[in-house]
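Here is the structure we will look at, set down as structure tokens.
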Amino acid sequence: MNTVITRFPPSPTGHLHVGGARTALFNWLYARHMHGRFVLRIEDTDTARSTDESVQAIFDALNWLGIDWDDGPYYQSRRLDIYREYLDKMIAADKAYYCTCSPEQIDEMRKKAMAAGEKPKYDGTCRNKGLSVTGHAAVRFKAPQSGTTVINDVIKGEISFQNDELDDFIIWRSDGMPTYNFVVVVDDITMGINTVIRGDDHVNNTPKQIQLYHALGADLPVFGHVPMVLGQDRTRLSKRHGAMAVTAYREMGYLPEALVNFLVRLGWSHGDQEFFTRKELIEYFTLENIGKSPGVFNQEKLLALNAEHIRNSTPQHLFPQLRPFLKARGLNGDDTLTPETEKLIEILSPRSKTLEELAENTRFFYEDTIQYEAKAARKFLKPVALEPLELVCRQLESLPDFEEKTLEDAFRAVMETSGLKLGKIAQPVRVALTGKTVSPGIFEVIALIGRSKTINRIQAAVDFIKRQPEKDTVR
RNA sequence: GUCCCCAUCGUCUAGUCUGGUCCAGGACACCGGCCUUUCACGCCGGCAACACCGGUUCGAAUCCGGUUGGGGACGCCA
């Protein structure tokens, strides 16, 4: 086979949503896997709904996901001359004709057909009128009225349609703009697209497009229709299913590689493997392993996958992406990764499912005043904790260094003098240092925040306990 | 309504083409346990599915037919 050329043709009428991103990913991955080319084309022939902001939003999302293109972006709105040329060919060859029926008349036809239990379609009123260019006429494709059109779908297999199901659809609007089915075919032909991977919702357009390829005397590309992504309620994904914009996931602290991994795994598989790096996806991705049935977008699985990707990342990789979350909380304004922050990310990443969570978890390091969680203080900052807290404090004051090993020895010493178990000592210290009952290892925390902060915080906790009225601490 | 597609645990899926190795495997979630100074991580275990009916066959999750269920499309949107 020649070089594989795939494409992604979003229409800029909103942000890039996860379903579209998955389609883009499949095309991109396949092109990369086959060492082919990937084309980006903006389908903006619907001038009423297309916006520049949407175009920018799509670029932004694609960039974030790491999807790059070899050719384009093309804008259909700038290719009108090409479409016009092909339209003229069609008319000259008597494969298309002008139609002056009004939308109201068409509506009437559709209603009648529906009522008669038939598929609503154009009745061909103008088909043989031989109308020529008039001021305000649409152009219809003279579709074959008998026979069968077969799609050889690489994903779904053979799909056939009776041609009498198809009607003379409009390829050029009366307002002077071409329509979807026509421009897609002209573009795919002129851009050399030979592999079309797209959503399931396009299968019904495919016979029309195949007829157009025939009318234009062009070779057919390989078609592959991927099943839809459904929401929890098993209907087609839409806004009411919650966050569906790709960039919304960035804002919630998801890693692009996690979203990519999740989206690709939704409908495609490689044996039992669940976790994939981008490199692996490119290496393993083939069309044969795309499933035929629609799948539900499962937020929980995506979250778990995100946690796994965070866990498997390095602080160097995480930091630039974490920075906006840190800054938003006023926690760290650094532009470069310091050794302390590196260590901090390292110990926090196994217990953070999103970057947002990770940023939240860094508070004990960047904020000097520790807010005790009510529950944590009630449970551990009690008079019984005074002794171990003060003993630990004394030990730390005289320690030669703050290596984790040294700290561990110091705690053991406190265990001996006090006769308390490590838990009784470590938990109050943990609350004193982080305000929570949950944190990374206590020695790691101490080593990280250093001698003076540790001592100050323990001291503050001691003061806190002493300030508590008797009745609150006794019960 | 008409046309098209789909059908394995709650969800994502392996297995289906090339019937037996599948009383169906993995993952998420959930429930136990271990590890541990806490929480995570990790590890061990558990729960849980071949939609239904009929046929072909020595044998069917796998092949065929029907039923049911779900999704999609029927625009001078893409």
Side-chain angles (χ1 to χ4, degrees), chain A residues 9-13 43-46 48-50 76 99 101-103 106-107 110 113-121 137-140 151 153 156-157 159-162 165-167 169-181 183-184 199-207 225 227-228 230 232 234-236 262 265-275 288-289 291-305 307-308 311 347-353 361 376 380 408 411 415 421-427 429-431 434 436-443:
Chain A
S11 58
T13 54
E43 309 219 326
D44 55 355
T45 53
D46 184 347
R49 299 196 303 147
S50 299
Q76 292 184 325
C99 171
C101 294
S102 68
I106 312 276
D107 225 48
R110 266 193 269 275
M114 285 270 233
E118 281 162 25
K119 194 166 181 169
K121 55 181 203 175
V139 179
R140 287 182 183 275
I151 308 175
D153 196 291
K156 293 180 180 280
I159 305 174
S160 57
F161 294 83
Q162 293 303 314
E165 287 288 329
L166 282 91
D167 71 348
F169 57 94
I170 291 183
I171 58 176
W172 205 275
R173 291 176 208 144
S174 54
D175 70 356
M177 287 296 276
T179 64
Y180 170 73
N181 281 116
V183 289
V184 165
D200 220 347
D201 49 338
H202 283 288
V203 290
N204 291 278
N205 285 322
T206 310
H225 290 93
M228 300 275 87
L230 312 178
Q232 295 296 348
R234 304 207 66 97
T235 64
R236 201 191 166 156
F262 174 76
R265 252 315 323 257
L266 186 58
W268 173 87
S269 60
H270 181 255
D272 282 340
Q273 191 170 343
E274 300 282 351
F275 184 94
E288 289 74 57
N289 293 315
K292 297 189 193 190
S293 41
V296 174
F297 189 93
N298 185 321
Q299 227 95 17
E300 280 182 333
K301 188 144 188 176
L302 169 57
L303 219 213
L305 214 37
E308 198 173 347
R311 219 183 291 139
I347 63 178
L348 251 20
S349 54
R351 59 200 92 217
S352 307
K353 292 187 200 296
N361 288 340
F380 295 107
E408 202 174 330
F411 270 69
M415 280 170 73
K421 297 222 286 188
L422 191 48
K424 296 281 177 202
I425 304 166
Q427 280 306 86
V429 173
R430 185 188 310 283
V431 177
T434 68
K436 303 174 184 177
T437 52
V438 174
S439 85
I442 193 68
F443 306 131

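Chain A is the first sequence line, chain B the second, and so forth, proteins listed ahead of strands; every chain is numbered from 1. Predicted, not measured: the structure shown is a model, and the values here were computed from it. The figures here come from the full heavy-atom set of this structure, side chains too, leaving out hydrogens, waters and symmetry mates.
Interatomic distance, A:Phe262 CZ to A:Glu308 CD, rounded to the nearest 0.5 Å: 13.5 Å. To the nearest 0.5 angstrom, A:Leu302 atom CG is 13.5 Å from A:Arg265 atom CZ.
Looking at A:Asn289, its side chain never comes within 3.5 Å of a backbone N or O of A:His270 through a donor-acceptor pair. Remark: side-chain polar atoms of A:Arg430 are not paired, donor with acceptor, to backbone N or O of A:Gly441 under 3.5 angstrom. Of the possible polar contacts, none joining the A:Ser11 side chain to the A:Thr13 backbone as a donor-acceptor pair under 3.5 Å is found. Side chain of A:Gln273 to main chain of A:Phe275: a donor-acceptor pair is present (N/O by atom type, distance under 3.5 Å, no hydrogens or angles).
B:A7 and B:A49 have their C1' atoms separated by 12 Å, given to the nearest Å. Rounded to whole Å, the separation between the P atoms of B:U8 and B:U13 comes to 9 Å. Spacing of C1' atoms, B:C22 relative to B:G15, comes out at 8 Å, to the nearest Å. B:A61 and B:C52 are spaced 14 Å apart, taking the C1' atom of each and rounding to whole Å. B:A27 sits 40 Å from B:C4 when the P atoms are compared, rounded to a whole Å. The separation of B:A78 from B:U62, taken at their C1' atoms, amounts to 39 Å, rounded to a whole angstrom. Going from the C1' atom of B:A29 to that of B:C9 covers 12 Å, rounded to whole Å. Nucleotides B:C53 and B:G69 place their C1' atoms 14 Å apart, quoted to the nearest Å.
Side-chain contact between A:Pro12 and A:Ser50 is present, with heavy atoms from C-beta onward closer than 4.5 Å. The side-chain heavy atoms of A:Asn361 and A:Lys436, taken from C-beta on, include a pair separated by under 4.5 Å. Counting only heavy atoms from C-beta outward, the side chains of A:Phe161 and A:Asn204 approach each other to under 4.5 Å.
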Set out, line by line, the N/O atom pairs under 3.5 Å between protein and nucleotides 13-17 of chain B.
{"unit_1": "B:U13", "atom_1": "OP1", "unit_2": "A:Gly267", "atom_2": "N", "d": "2.5"}
{"unit_1": "B:U13", "atom_1": "O3'", "unit_2": "A:Ser269", "atom_2": "OG", "d": "3.4"}
{"unit_1": "B:U13", "atom_1": "O2'", "unit_2": "A:Arg265", "atom_2": "NH2", "d": "3.1"}
{"unit_1": "B:A14", "atom_1": "OP1", "unit_2": "A:Ser269", "atom_2": "OG", "d": "2.8"}

Can you tabulate the close N/O pairs, meaning under 3.5 Å, that link protein atoms to atoms of nucleotides 41-48 of chain B?
{"unit_1": "B:G42", "atom_1": "OP1", "unit_2": "A:Arg311", "atom_2": "NH1", "d": "3.1"}

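Base pairing of B:A7: its partner is B:U68, meeting the Watson-Crick or G-U wobble criterion (both donor-acceptor distances under 3.5 Å). Partner assigned to B:U37 is none, using Watson-Crick or G-U wobble distances below 3.5 angstrom. B:A29: no Watson-Crick or G-U partner with both key distances under 3.5 Å is found in any strand. Base pairing of B:U16: no nucleotide in any strand meets the Watson-Crick or G-U wobble criterion (both distances under 3.5 Å). Summarising the base pairing, B:A73 is matched to B:U2 through a Watson-Crick or G-U wobble pair whose two defining distances lie under 3.5 Å.
Residue A:Pro227 is out of contact with every strand shown, counting any heavy-atom pair closer than 4.0 Å. Using a 4.0 Å heavy-atom criterion, one finds that A:His225 contacts no nucleic acid atom at all. Using a 4.0 Å heavy-atom cutoff across all strands shown, A:Ser160 reaches sugar-phosphate atoms only and no base atom. Heavy atoms of A:Arg49 sit under 4.0 angstrom from at least one base atom. Within 4.0 Å (heavy atoms only), A:Ser352 reaches no atom of the nucleic acid at all. Looking at heavy-atom distances under 4.0 Å, A:Phe275 makes no contact with the nucleic acid at all.
Side chain of A:Val438, nearest nucleotide from B:C3, B:C39, B:C76: B:C39. Of the candidate nucleotides B:A29, B:U37, B:G1, B:A29 has the atom lying nearest to any side-chain atom of A:Ala304. Comparing B:C74, B:A78, B:U37 against the side chain of A:Pro120 picks out B:C74 as the nearest. You'll find that the side chain of A:Asn204 is closest to B:A73, out of B:G70, B:C76, B:A73. Considering only side-chain atoms of A:Asp201, the nucleotide from B:C28, B:A73, B:G1 that sits closest is B:A73. Checking B:C28, B:C76, B:G75 against the side-chain heavy atoms of A:Pro103 singles out B:C76 as nearest.
Atom OH in A:Tyr180 sits roughly 13 Å away from atom C1' in B:G75 (whole-Å rounding). Atoms NZ (A:Lys301) and P (B:G26) sit 13 Å apart, rounded to a whole Å. With rounding to whole Å, A:Ile159 atom CD1 is found 11 Å from B:C6 atom C1'. One atom, CG of A:Leu422, and another, P of B:U38, lie 8 Å apart when rounded to the nearest Å. Taking atom CD of A:Glu408 as the reference point, atom P of B:U37 lies 9 Å away to the nearest angstrom. Between the CE atom of A:Met228 and the C1' atom of B:A7 there is a distance of 17 Å, rounded to whole Å. Atoms CZ (A:Phe161) and P (B:C74) sit 12 Å apart, rounded to a whole Å. Taking atom CD on A:Gln299 and atom C1' on B:G10, their separation rounds to 16 Å, with Å as the unit.
Between A:Gln76 and A:Val184 the shortest heavy-atom distance is NE2-N, 4.5 Å. Residues A:Pro178 and A:Thr45 approach most closely at O-CB, 4.0 Å, considering heavy atoms.
When the shell of 6.0 Å around NZ of A:Lys121 is examined, it contains more than 12 heavy atoms from other residues, nucleotides or ligands.
An OP1 or OP2 oxygen of B:U36 is reached within less than 4.0 angstrom by no side-chain nitrogen or oxygen of A:Arg430. Distances shorter than 4.0 Å separate some side-chain N or O of A:Lys292 from OP1 or OP2 on B:C6.
Salt bridge status for A:Asp200 with A:Lys156: present, with a side-chain N to carboxylate O gap under 4.0 Å.
Between the side chain of A:Thr437 and the base of B:C39 there is no donor-acceptor pair of N/O atoms closer than 3.5 Å. With hydrogens and angles ignored, a donor-acceptor pair closer than 3.5 Å exists between the side chain of A:Asn205 and the base of B:A78. Side-chain N/O atoms of A:Lys156 and base N/O atoms of B:C5 include no donor-acceptor pair closer than 3.5 Å.
Checking A:Ile442 against A:His202, the closest nucleotide of RNA chain B that is more toward the 5' end is the one next to A:Ile442.
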